[in-house]
Amino acid sequence: MLVVMKAQATPEQIQAVCEAIEQMGFRAHPLPGAQRTAIGITGNSGEVERGNLEELSGVAEVIRVSKAYKLASRDAKEEDTVIRFPGTDAAIGGRNLAIVAGPCAIESREQAFAIAETVAAAGAQFFRGGAYKPRTSPYAFQGLGLDALKIMAEIRERYGLRIITEAIDNETLELVAEWADVVQIGARNMQNFSLLKHAGHLRKPILLKRGMSATLDEFLMAAEYIMSEGNYEVILCERGVRTFADHTRNTLDLSIVPAVQRLSHLPILVDPSHGTGKRNKVLPMARAAIAVGADGVLVEVHHQPEKALSDGPQSIYPAQFATMMDEIEKIAPIVHRTLSRGIHIESIPGGHDARAK
Ligand code: PEP
Ligand code: MN
């Protein structure tokens, strides 16, 4: 159920409706939009008695949402969600494209800084790097853990880049959230419902990668798990699915971008690195991702990919990343987008313009 408030409803009226919903034993999720606020109701197993709610002041109507995902759907919120990063001009969703770049894993301070310097210089606003790695083999490099989180915090300090890193379990989720600007939940954990619920309690944006065999509904329901716990800042990420095709590591399903955008207000990024697994296919698919309407791309970059401890074959060189940025900058206006290069840190004490060009 969804309570749609009148455009002129006051914050007090919205609050009163939320309280009425909670008194009925349900959970209220106010979702402010440009025109009006809608309040999602969750926690009900059957139909909610709508009578009383319709009578409350400021209420325009009470409607049934037929889809299984409610808070993630465009019924609840018509306009696109834009996730902002306080104190900076960076955003995910909205007109400006978000570019996330960095190594698969943080391997050392030197490696991370060498890559961060180049991606900042080319104009990325977000730096990615794994501190905790979900690896197929228990004998493969598992990540540097807390040391990697500290290195990324230093990178944020030095270059202004906002940090995206993965949490692989409930045990490390809060620690990761303390250090990161965005917490990634990886493909292998897309249906780890316990982790999704815990992520719903955080007040940090969550980058949710599509499971490698997840349908569109399953993907949006995973986002709904996070939102139903009160965290509405979810960024979706298409990273390829398993198919019979063997010329790539995964099949990058770009058609999910317009499909998601039709149904959901959440931003969606595309990861052509895991989506193809091959360096020579990353740039073409990054261009295609922007052309198809994605809100940005996430790519793996390594200055010495042949020495990388994970995902070297799909990591592009810094010079290729700079080329990708130039190409995206040219494609952006055709799809009514912009690409700001570099991150501007607003005048917080000691702040600086971190555009490293
Ligand atoms: C990653 O981003 O390095 C990663 C492990 O991604 P995915 O969960 O999409 O495999
Ligand atoms: Mn990787």
Side-chain angles (χ1 to χ4, degrees), residues 92 98-107 111-112 115 119 124 126-138 140-145 148-149 152 162-169 172-173 176 180-192 195-196 199 205-214 218-219 222-223 226 234-243 248-254 256-257 268-279 281-282 285-286 289 294 296-317 321:
I92 301 182
I99 309 296
V100 183
C104 180
I106 302 297
E107 300 165 3
Q111 171 251 18
I115 298 165
V119 301
F126 298 90
F127 182 75
R128 62 144 290 147
Y132 298 92
K133 295 303 303 175
R135 302 304 300 279
T136 301
S137 162
F141 177 58
Q142 304 284 312
L144 296 181
L149 298 175
M152 285 185 280
R162 300 298 100 173
I163 302 302
I164 301 186
T165 190
E166 179 169 352
I168 57 171
D169 52 32
T172 51
L173 178 66
V176 169
D181 297 295
V182 176
V183 176
Q184 176 173 320
I185 293 186
R188 291 156 190 81
N189 270 318
M190 193 208 79
Q191 284 191 318
N192 179 339
L195 184 60
L196 297 175
I206 307 296
L207 178 92
L208 177 66
K209 295 188 114 186
R210 180 184 181 185
M212 48 189 98
S213 66
E218 288 165 344
F219 194 15
I226 300 167
V234 179
I235 303 146
L236 303 170
C237 181
E238 159 62 25
R239 48 78 73 207
V241 289
R242 282 265 166 93
T243 68
T248 50
R249 178 178 177 186
N250 291 294
T251 296
L252 191 62
D253 177 17
L254 290 180
I256 202 164
V257 173
I268 179 161
L269 303 181
V270 167
D271 168 359
S273 303
H274 295 87
T276 65
K278 307 226 165 128
R279 182 177 308 124
K281 295 178 178 58
V282 173
M285 295 312 277
V297 293
L298 177 153
V299 288
E300 289 186 340
V301 180
H302 203 294
H303 64 315
Q304 293 172 322
E306 56 295 335
K307 292 193 184 150
L309 297 181
S310 63
D311 286 348
Q314 68 191 33
S315 299
I316 56 173
Y317 289 96
F321 178 70

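Computed over heavy atoms, backbone and side chain alike; hydrogens, waters and symmetry mates excluded. Whatever order the structure lists them in is the order used to number ligands and atoms, beginning at 1.
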Visitor: Taking a cutoff of less than 4.0 Å between a non-hydrogen atom of the residue and any ligand atom, is Met212 in contact with ligand 1?
Guide: no
Visitor: What angle, in degrees and rounded to 10°, do you get at the Mn ion (ligand 2) when you join it to NE2 of His274 and to SG of Cys104?
Guide: 170°
Visitor: Is there at least one pair of N or O atoms, one from His274 and one from ligand 1, spaced under 3.5 Å apart?
Guide: yes
Visitor: Give the numbers and elements of all ligand 1 atoms closer than 4.0 Å to a heavy atom of Gly186.
Guide: 8 (O)
Visitor: I need the nearest protein heavy-atom contact for atom 6 (O) of ligand 1: residue, atom name and distance, please.
Guide: Lys209 NZ, 3.0 Å
Visitor: In Asp311, what N, O or S atom is nearest to the Mn ion (ligand 2), if we give its atom name?
Guide: OD2
Visitor: Indicate whether any N or O donor in one side chain lies under 3.5 Å from an N or O acceptor in the other, for His302 and Asp311.
Guide: no
Visitor: Identify the two heavy atoms, one from Met190 and one from Gly211, that lie closest to each other, and give their separation to 0.1 Å.
Guide: SD-N, 3.1 Å
Visitor: Restricting to N, O or S, what is the name of the atom of Glu300 that lies nearest the Mn ion (ligand 2)?
Guide: OE2
Visitor: Just by modelled atom types, is the Ala140 backbone N or O under 3.5 Å from a matching donor or acceptor in the Gln142 side chain?
Guide: yes
Visitor: Are the side chain of Ser310 and the backbone of Cys104 linked by a donor-acceptor contact shorter than 3.5 Å?
Guide: no
Visitor: Counting heavy atoms only, which of Gly102, Pro134, Ala187 is nearest atom 8 (O) of ligand 1?
Guide: Ala187
Visitor: Which atoms of ligand 1 have any heavy atom of Arg188 under 4.0 Å away?
Guide: 7 (P), 8 (O), 10 (O)
Visitor: Got a second to check how far Asn189's CG is from Leu196's CG, nearest 0.5 Å?
Guide: 8.0 Å
Visitor: What atoms in ligand 1 come closer than 4.0 Å to a heavy atom of Arg239?
Guide: 7 (P), 9 (O), 10 (O)
Visitor: Taking all atoms of both residues into account, what is the closest heavy-atom pair of Leu252 and Arg239, and its distance?
Guide: CD1-C, 4.1 Å
Visitor: Considering Gln314, Glu166, Arg249, which one's heavy-atom position lies nearest to atom 5 (C) of ligand 1?
Guide: Glu166
Visitor: If you round to the nearest 0.5 Å, how far is CD1 of Ile115 from OG of Ser315?
Guide: 7.5 Å
Visitor: Is it true that a side-chain atom of Arg210 and a backbone atom of Leu236 form a donor plus acceptor pair closer than 3.5 Å?
Guide: no
Visitor: List ligand 1 atoms under 4.0 Å from Cys104, heavy atoms only on the residue side.
Guide: 3 (O)
Visitor: Could you tell me the residue and atom name of the protein heavy atom closest to atom 2 (O) of ligand 1, and the distance to it rounded to 0.1 Å?
Guide: Arg128 NH1, 2.7 Å
Visitor: Taking NZ, NE, NH1 and NH2 as the nitrogens, is one of them in Glu166 or Arg128 under 4.0 Å from a carboxylate oxygen of the other?
Guide: no
Visitor: State if Glu300 counts as touching ligand 1 under the rule of any non-hydrogen atom under 4.0 Å.
Guide: yes
